[in-house]
Amino acid sequence: MSGMENMEFIVPLEKWYLENKRDLPWRNTTDPYVIWISEVILQQTRVIQGLDYFNRFMTRFPDVASLAEAEEDEVLKYWQGLGYYSRARNLHTAARQIMDDFGGLFPKNYRDVLSLKGIGEYTAAAICSFAYRQPYAVVDGNVYRVLARLFDIDVPIDSTPGKKLFVKLASDLLDKKRPDVYNQAIMELGALQCVPRSPHCELCPLSDKCLSLISGRVEKLPVKQGKTVVKPRFFNYLCISYQGDTWIRQRKGKDIWENLYEFVLIETDKEYSFEELQHTEEYCRIFNGLGKVKVTALPLQKRHVLSHRIINAYFYSIEIESVPEGLSGYIRIPYTELENYAVSRLTHIYLEQRK
DNA sequence: AAGGCGGGGAG
DNA sequence: CTCCCAGCCTT
């Protein structure tokens with residue numbers, strides 16, 4: 001698109017936005033730090049789900065320096081329950097990157113912003129347009145949907161050609177004079193008006209220009225080709241008690257819940273009864289030499305459903321009479337101190353029920 | 001290009 | 001149930 005053809009879309013879109021926008025705490029600021037935190041929290045996360053996290057996070061970490069100086073464990077604690085924990089770890093890494101490489105000042109150059117850990121094309125465009133009014137178009141899930149419908153495009157949004165096409169389209173359509181307002185507007189339209197299912201097109205400010213409304217394919221767009229395969233996993237947790245203490249460990253490796261804490265874990269390839277579990281190599285190694293362990297409660301079983309995993313979890317409360325030898329790598333803490341450690345939602349739910 | 005990464009809400 | 005949310009990183 002060239003010239004001012006895009007005014008046809010910009011005028012009604014921005015007008016609609018100014019009349020319908022939600023009042024959100026990260027709007028009405030141009031502080032790149034505030035915008036950065038809000039954008040990362042909102043990655044793959046609904047506004048309503050991230051609001052409280054944002055407020056708590058900003059109170060504890062009001063600026064880059066405070067975040068950079070904190071321990072990763074504490075940052076994770078503030079992220080507990082929100083999911084996609086790499087966001088919190090990357091946030092922490094990037095804060096230190098800003099201290100080390102940019103003198104503690106949030107970078108203004110798009111390439112520099114993009115170089116920060118955890119900031120991709122979307123978030124870089126959001127920060128640069130909202131904080132500095134630079135003309136970068138955001139392309140998030142909302143924008144894909146609005147543009148696919150507006151121009152009746154069935155190229156899959158999760159394909160390489162699709163991504164290129166939508167970035168080009170979004171950039172052409174962008175209001176270069178007010179990129180901040182425009183970017184907010186098109187995302188808000190996707191969030192409130194051009195919703196995935198059953199949009200009220202008769203109320204849409206762009207309905208008279210929407211090609212998919214004419215073709216009748218609104219509900220079929222956008223097209224996505226990827227299909228997520230949900231794989232089951234089996235986590236057997238041993239909640240061991242000894243003199244009021246228990247054992248936990250920080251998860252390591254590139255796996256779910258990296259760097260969060262959890263009880264003694266034996267993962268199996270299928271469902272195991274407690275009887276079968278006791279005969280596994282792992283179990284015997286942990287309780288080496290300890291004949292007597294007492295299971296004091298019925299095992300709590302929970303199906304923890306995620307977008308790409310089903311965690312079949314079994315929690316066994318176990319009382320012991322002497323300290324097992326096979327718990328190296330685990331730390332021994334009073335049960336009451338568990339709340340100080342960042343744990344997964346699954347573990348948190350168990351702890352709540354246990355009270 | 002494809003897979004992994006969380007959790008929750010809407011229909 | 002299915003879909004998807006102000007995505008990014010790794011392989």
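Lettering of chains follows the sequences in order, A, B, ..., and the numbering in each one begins at 1.
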May I ask you to check if Arg354(A) and Tyr335(A) form a cation-pi contact, with NZ or CZ under 6.0 angstrom from the six-membered ring centre and within 45° of the axis?
yes
When all nucleic acid strands are considered with a 4.0 Å heavy-atom cut-off, which category describes Arg345(A): base, sugar-phosphate, or nothing?
sugar-phosphate
Pair Trp36(A) and Phe106(A), ring centroids less than 6.0 Å apart:
yes
Tell me if the centroids of the rings in Tyr53(A) and Tyr78(A) come within less than 6.0 Å of each other.
no
dG6(B) base / Ser307(A) side chain donor-acceptor hit below 3.5 Å:
yes
Taking only the P atom of each, what is the distance from dG8(B) to dC8(C) in whole angstrom?
22 Å
Go through the N and O atoms of the side chain of Arg87(A) and the base of dC8(C), and report whether any donor-acceptor pair is under 3.5 Å.
no
Sugar-phosphate only, base, or nothing, as touched by Gly50(A) at under 4.0 Å among non-hydrogen atoms
nothing
Can you work out whether Leu116(A) or Arg22(A) has the more 5'-proximal nearest nucleotide on DNA chain C?
Arg22(A)
Short side-chain to backbone donor-acceptor contact, Ser212(A) and Arg149(A), under 3.5 Å
yes
Distance criterion of 3.5 Å, no angle test: do you see the side chain of Gln49(A) paired donor-to-acceptor with the base of dG8(B)?
no
NA contact type, Glu121(A), heavy-atom cut-off 4.0 Å: base, sugar-phosphate, or nothing?
sugar-phosphate
Spacing of the P atoms in dC5(B) and dA6(C) (rounded, Å):
23 Å
